[in-house]
Amino acid sequence: MQECLIRDFPDFIGKEVTIKGWVSNRRSSGRVSFLVFRDGSGICQVIAERDTLGEIYAEIKKIPIESSAIVHGTVVEESRAPGGFEVQASGIEIVQKSEEFPIGKKEHGPDFLLSNRHLWLRSQRQTTIMRVRDALVRHVRNYFYENGFTLIDTPIFTTTCGEDTSNLFSVEYFDLGKTYLSQTGQLYLEAAISGLGKVYCLGPTFRAERSKTRRHLTEFWMVEAEVAFNDHKKNLELQEDFVSYIVQNTLAEKEAELLSLERDLEPLKKVVPPFHRISYDEALDILRKQGSDIQWGADLGADDETVITQLFDKPVFIENYPKQTKAFYMKQVPDKPEYVYCADLLAPEGYGEIIGGSQREDNLDVLLKSIRDNNLEPERYGWYLDLRKYGSVPHAGFGLGIERTLSWICGLKHVRETIPFPRMIYRAYP
RNA sequence: UCCUCGGUAGCUCAAUCGGCAGAGCGGGUGGCUGUUAACCACUAGGUUGGGGGUUCAAGUCCCUCCCGGGGAGCCA
């Protein structure tokens, strides 16, 4: 009798095996019980018969859902069974008889599920999403590996910040006073390009925004890339190549999982270069023709983005925003200094912004002025300003939100299901 | 921070004009040899989020606080 995984059942048809896992569901009849059994690799059906199992059958017949058990039996192909296979049990050992499991067979509300996230994470839908997440992150890393990037892990505790201080979580740091949880690794990546040329980071990012929407978490994972000598145009080309790669590879690897999430795959198949590009000014024209009274200089709102994404069937870049709406480090367009070389990438089907990127200001004096104009303290940016003193070069980069991208790929309504333990404004438990 | 919706059994929800607080799932007991959110019978289970008020009478109306969902702003 050989221990094996449910995933490998095709190689064990007709053989005696041992599987270890949990009872996802149970249906009992008089002398036969059907257990839906999960072992972390897949699901199958276990047939437990009174005449075969003897004394323990009385307990198996009433075994609570989510009890853990070790099952010995013969693997049989069975189209009616969940997973396509069943195990005719010759013996079952109960590892632990579960207490009444809070999450039942009926639907539950978000409050209850989020409070029980540690248990919800076992459900088939949630494990499916986690498997797609695993694939997505792996393809992200593969892309950068295959394209000559070096991974640079940027710090979580920081004293310099990329945007403005209002969105930072602060932490007491020994005798040094306040440090902040990182809201971007970009500034550190900019330091790394001078030694490594093409770099990326992938890690948690923290934003103390009091946002309560399906697109926001206070702790999320972001992948950021930075490339020396890339200008704005090359930056966009890199982004569309990257996004197409991760979408197509994840789709190819996890097609069955996405279908089980009831994702329509056709829109994803269209995600190939080139993506649409429109300028901020063109976006304003489009919005005004639709009746908006948006003024030049205002950032695009969520409704505005929705209007624009509905015009396109694949991701769309909105580039060259007014300088006043964007972060201090973005490079001004030489002959139009009121604009900066930047772009947001909006995902289709109403998913909205998944990337923010820009060419960075590489001139020391211009950058210093921009820091002052944004009411930031130049003293805090000493090391960052150094980068413009010692062999400064044109460079550009971007950051992509893993959860927003995964939410789009899976076709989910909310990013909270895309991360194992979501952190939101009113939730830091479990 | 603002707007909006909600809080009734362990869970999901119902309760008409203010008039006996209910169902399904889950739990318990029993039945059933192929189930598919299995099914059938019986059964237990309630400070209707907290506090205050109006009323003969409040889950329902009013005030207030707490908790959560969705959205705005901001962002990935």
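The sequence lines fix the lettering, A, B, ..., with proteins before strands; numbering per chain opens at 1. Keep in mind that the numbers below use all heavy atoms, side chains included, and drop hydrogens, waters and symmetry copies.
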For this session: Indicate, with yes or no, if the rings of Tyr381(A) and Phe328(A) have centres closer together than 6.0 Å.
Result: yes
Exercise. Going by heavy atoms in the side chains, are Glu226(A) and Cys201(A) under 4.5 Å from each other?
Worked result: no
Exercise. Can you name the one residue among Phe144(A), Phe149(A), Tyr200(A), Phe275(A) that meets ring pair (Phe, Tyr, Trp, His ring centres under 6.0 Å) with Phe242(A)?
Worked result: Phe144(A)
For this session: Can you figure out which of G68(B), G73(B), G34(B) approaches the side chain of Arg210(A) most closely?
Result: G73(B)
For this session: On RNA chain B, check which nucleotide each of Gln88(A) and Arg416(A) is closest to and give me the residue with the more 5' one.
Result: Gln88(A)
Exercise. Any sub-3.5 Å donor-acceptor pair from Gln248(A)'s side-chain atoms to Tyr245(A)'s backbone N or O?
Worked result: no
Exercise. Taking the chi torsion of C17(B), is it syn (within 90° of 0) or anti (everything else)?
Worked result: syn
Exercise. In a check of side chain to side chain donor-acceptor pair (under 3.5 Å) between His232(A) and each of Gln359(A), Glu319(A), Glu237(A), which one passes?
Worked result: Glu319(A)
Exercise. Can you give one letter per nucleotide of nucleotides 27-33 of chain B, 5' to 3': B if a protein heavy atom sits under 4.0 Å from the base, S if only from the sugar-phosphate, - if neither?
Worked result: S-S--BB
Problem set entry | Nearest to side-chain heavy atoms of Arg404(A), which nucleotide of G68(B), A76(B), G73(B) | A76(B)
Exercise. Of all the nucleotides listed (U35(B), G69(B), A76(B)), which has the minimum atom distance to the side chain of Met424(A)?
Worked result: G69(B)
Exercise. Where the side chain of Lys314(A) meets the backbone of Pro274(A), is there a donor-acceptor pair that is under 3.5 Å apart?
Worked result: yes
For this session: Say whether Asp299(A) and Tyr321(A), considering side chains only, have a donor N or O and an acceptor N or O under 3.5 Å apart.
Result: no
Problem set entry | Whole-Å C1' distance, G22(B) and U64(B) | 30 Å
For this session: State which of U12(B), G34(B), G73(B) makes the closest approach to the side chain of His108(A).
Result: U12(B)
Exercise. Is Arg427(A) near enough to G69(B) that one of its side-chain N or O atoms lies under 4.0 angstrom from OP1 or OP2?
Worked result: yes
Exercise. What stems, by residue range, does RNA chain B take part in, given at least 3 consecutive Watson-Crick or G-U pairs under 3.5 Å?
Worked result: B:1-7 with B:66-72, B:10-13 with B:22-25, B:27-31 with B:39-43, B:49-53 with B:61-65
Exercise. Reckon Glu219(A) touches a base, only the sugar-phosphate, or nothing at all at heavy-atom distances under 4.0 Å?
Worked result: nothing
For this session: Ignoring hydrogens and angles, answer whether the base of C75(B) and the side-chain atoms of Ser211(A) contain a donor-acceptor pair closer than 3.5 Å.
Result: no
Exercise. Can you find an N or O donor on one side and an acceptor on the other, under 3.5 Å apart, linking the side chain of His216(A) with the base of C75(B)?
Worked result: yes
For this session: Assess the pair Trp120(A) and Phe101(A): is the distance between their ring centroids shorter than 6.0 Å?
Result: no
Exercise. Between Arg215(A) (CZ) and G69(B) (C1'), how many Å, whole number?
Worked result: 15 Å
Exercise. In terms of side-chain heavy atoms of Asn25(A), which of U12(B), A37(B), C74(B) is nearest?
Worked result: A37(B)
Exercise. Rounded to the nearest Å, what distance is computed from the CG atom of residue Asp344(A) to the P atom of nucleotide C74(B)?
Worked result: 12 Å
Exercise. Among the nucleotides C75(B), G69(B), U35(B), which one has an atom lying closest to any side-chain atom of Arg207(A)?
Worked result: C75(B)
Exercise. So which nucleotide from G70(B), U35(B), A72(B) ends up closest to the side chain of His414(A)?
Worked result: G70(B)
For this session: Find which nucleotide of RNA chain B each of Asp303(A) and Ile47(A) is nearest to by heavy atoms, and output the residue with the more 5' nucleotide.
Result: Ile47(A)
Exercise. What integer distance in Å separates Asp111(A):CG from C66(B):C1'?
Worked result: 13 Å
Problem set entry | P atoms of G19(B) and U60(B), separation to the nearest Å | 11 Å
